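Single-structure report; data block below.
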Amino acid sequence: MKLLTIILAMLLSCTAYAAAPVPPLPELLASHAKAMGTIDKVQSRRLRMRVVGMAPFDIPVVVESKRPNLIRKEVALQGSVQVQAYDGSDAWKSDPFVPGGSTPAAMPAEEAKVIVEEADFDGALVNPASKGIRVTYAGATETEGKRAHTLRVILANGNESTVYLDAATFLEIKRVQTRPMMGKMVEAEIVPSDWRMVDGVRVPHRIEIGLPDAKQRVVVIIDAVELNVPLVAARFARPY
């Protein structure tokens, strides 16, 4: 009888969770923005990170961003530097690791769509309507061992993703989206964790990237976060 009571209590608990009222989408997005901290006070940032799992050694990467939508990524290998950047209108790259790639050139269309998306300084869930982004609620679920709210996101450029927010912290648990990889478009999972407060802003210090259900993921470790660093617009422009 005691065991039956415990089982019934568990069932009632599950039913209560399933029947719990879903937060209105504006409230959910507001909770997410609040959880991210005082990001509105940040005008620029520099992230120093390492990519683990793509090579026998860690690959150093530096990402610089500036409002409203400027970004520059540098990957240093064997004494050379690969650059990908967007200056608000021109998406370009230089890649010394491919023949003829050292000369800065426009990115292919699919790569350009990705870096423009990454250049959104606050992310797609902060003031989405003002950026032409459509967000809809897709229900409660569980992922990465946590209860989550599922959001469908359609960007102004047509790219789509599914974002899972932690039901307790409203921070992002996982994002599923299509990305160019090895010359073709594939669905990838991006799993941020180890969220830390840096000067009033929450930043994930570990990001895992991989194919759905993959046993292994590439891991990005963020070693240093610099906020409001002096970055001029010319830093992001393509050199001619």
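The structure presented is a predicted model; accordingly, all values stated were derived computationally and were not measured.
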Looking only at heavy atoms, what is the nearest atom pair of Ala85 and Ile115, with distance? N-CD1, 3.6 Å

Roughly how far, to the nearest 0.5 Å, is the CZ atom of Arg147 from the OG1 atom of Thr141? 11.0 Å

Quick one: are Glu172 and Val163 in side-chain contact, heavy atoms under 4.5 Å? yes

Quick check: closest heavy atoms across Val42 and Ser44, and the distance to 0.1 Å? CG1-O, 3.3 Å

Stepwise side-chain contact (heavy atoms from CB on, under 4.5 Å) test for Val201 and Lys41: CA-CA 9 Å; Val201 177; Lys41 296 182 179 180; over 6 Å; no

Do Met36 and Ile190 sit in one hydrophobic cluster, given that two such residues count as connected whenever their side-chain heavy atoms are within less than 4.5 Å of each other, even indirectly? no

With heavy-atom distances below 4.5 Å as the criterion, would you say the side chains of Arg72 and Asp87 are in contact? no

Determine yes or no for a side-chain-to-main-chain donor-acceptor pair under 3.5 angstrom, with Arg202 supplying the side chain and Ala35 the backbone. yes

Show me the donor-acceptor pairs, under 3.5 Å and distance only, between side chains in residues 120-129 and residues at least two apart or in other chains.
from: Asp120; atom 1: OD1; to: Asp122; atom 2: N; distance (Å): 3.4
from: Asp120; atom 1: OD1; to: Gly123; atom 2: N; distance (Å): 3.3
from: Asp120; atom 1: OD1; to: Lys131; atom 2: NZ; distance (Å): 3.0
from: Asp120; atom 1: OD2; to: Lys131; atom 2: NZ; distance (Å): 2.9
from: Asp122; atom 1: OD1; to: Arg67; atom 2: NH1; distance (Å): 3.3
from: Asp122; atom 1: OD1; to: Arg67; atom 2: NH2; distance (Å): 2.8
from: Asp122; atom 1: OD2; to: Arg67; atom 2: NH1; distance (Å): 3.0

Apply side-chain contact (heavy atoms from CB on, under 4.5 Å) to the pair Ile221 and Met49, showing each step before the final yes or no. CA-CA 5 Å; Ile221 304 296; Met49 58 187 74; over 6 Å; no

side-chain contact (heavy atoms from CB on, under 4.5 Å) for Thr162 and Thr150? Distances and angles first, verdict last. CA-CA 7 Å; Thr162 302; Thr150 309; 3.5 Å; yes

Can you check whether Phe170's main-chain N or O pairs, donor with acceptor, with His32's side chain at less than 3.5 Å? yes

Does Glu111 pair with Lys73 as a salt bridge, N-O distance under 4.0 Å? no

Intermediate values then yes/no, side-chain contact (heavy atoms from CB on, under 4.5 Å), Thr178 and Glu160: CA-CA 8 Å; Thr178 302; Glu160 299 183 22; over 6 Å; no

Supply the atom-to-atom distance Lys146 NZ to Tyr164 OH, rounded to the nearest 0.5 angstrom. 15.0 Å

Are any non-hydrogen side-chain atoms of Ser102 and Ser94 less than 4.5 angstrom apart? no

Under 3.5 Å, is there a donor on one side chain and an acceptor on the other for Lys113 and Asn159? yes

Same cluster or not: are Val219 and Ile59 linked, directly or through other Ile, Leu, Val, Met, Phe, Trp or Tyr residues, by side-chain heavy atoms under 4.5 angstrom apart? no

Check: residues 229-240 side-chain donor-acceptor pairs under 3.5 Å, at least two apart:
from: Arg235; atom 1: NE; to: Glu64; atom 2: OE1; distance (Å): 2.7
from: Arg235; atom 1: NH2; to: Glu64; atom 2: OE1; distance (Å): 3.4
from: Arg235; atom 1: NH2; to: Glu74; atom 2: OE2; distance (Å): 3.1
from: Arg238; atom 1: NE; to: Asp90; atom 2: OD2; distance (Å): 3.0
from: Arg238; atom 1: NE; to: Tyr240; atom 2: OH; distance (Å): 3.3
from: Arg238; atom 1: NH2; to: Asp90; atom 2: OD1; distance (Å): 2.9
from: Arg238; atom 1: NH2; to: Asp90; atom 2: OD2; distance (Å): 3.3

Val191 with Ile207, same ILVMFWY side-chain cluster at under 4.5 Å: no

Could you state the interatomic distance from OH (Tyr137) to CG (Leu28), rounded to the nearest 0.5 Å? 7.0 Å

Are any non-hydrogen side-chain atoms of Arg50 and Phe57 less than 4.5 angstrom apart? no

Is a donor on one side and an acceptor on the other found under 3.5 Å between the side chain of Ser80 and the backbone of Pro96? no

Hey, what do you get for CD (Gln82) to NZ (Lys93), rounding to the nearest 0.5 Å? 7.0 Å

Sub-4.5 Å side-chain heavy-atom contact between Asp199 and Val225: no

Do you reckon Met107 sits in the same ILVMFWY cluster as Trp92, going by side-chain contacts under 4.5 Å, direct or chained? no

Is it the case that Asn228 and Gln43 place a side-chain donor and acceptor less than 3.5 Å from each other? no

Does some side-chain heavy atom of Glu187 sit less than 4.5 Å from a side-chain heavy atom of Val176? yes

With heavy-atom distances below 4.5 Å as the criterion, would you say the side chains of Leu151 and Leu25 are in contact? yes

Do Arg217 and Ile209 come close enough that some side-chain heavy atom pair is under 4.5 Å? no

